[in-house]
Amino acid sequence: EGTSSYAADFTAKQGDRFIPMKAAATPGAPFDGETSYSADYTAKQGEQFVPLKAAASPTAPFEGTSSYAADFTAKQGDRFIPMKAAATPGAPFDGETSYSADYTAKQGEQFVPLKAAASPTAPFEGTSSYA
């Protein structure tokens, strides 16, 4: 019948078999040599870091104005007075809610649903207009 383009493009290739490498050292024997890590990351020479000593605490009190006191001064204005609670907790509510005021009983005829027709006992014989 013919050859597909896949079979024509990807034909079987011949080559040497893969031979895995053998371990350089026998397992369990101690390592005798230098690792690449110890060769690359040698000890560096330089001065040791000496942290600065903390300033001695002053014996005399501070006389002046700190930047905090200069930048954050007291603001002028009326004091906040919290509102009193509308009702004491646990006491029964004495009033009218917005729900009862907005949603009153409606006047009109009561809806009476139709009774479902009884299911037929005999199978349908005839034609229907449903396609």
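Bear in mind the structure is a predicted one, so any value in this text is a computation, not a measurement.
- The shortest heavy-atom contact between Ser66 and Phe62 is N-CE2, 4.0 Å.
- One finds the OG1 atom of Thr65 at 11.0 Å from the CG atom of Asp71 (value rounded to the nearest 0.5 Å).
- In this structure, the side-chain hydrogen bond (donor to acceptor under 3.5 Å, both in side chains) partners of Ser38, at least two apart in sequence or on a different chain, are Thr35.
- Take Thr11 and apply the side-chain hydrogen bond (donor to acceptor under 3.5 Å, both in side chains) test, not counting sequence neighbours, and it matches Lys13.
- The 12-atom threshold is exceeded at NZ of Lys44, counting heavy atoms of other residues, nucleotides or ligands nearer than 6.0 Å.
- Qualifying ring-ring contact (aromatic ring centres under 6.0 Å, His included) partners for Tyr99, counting only residues two or more places apart in sequence or in other chains: Tyr103.
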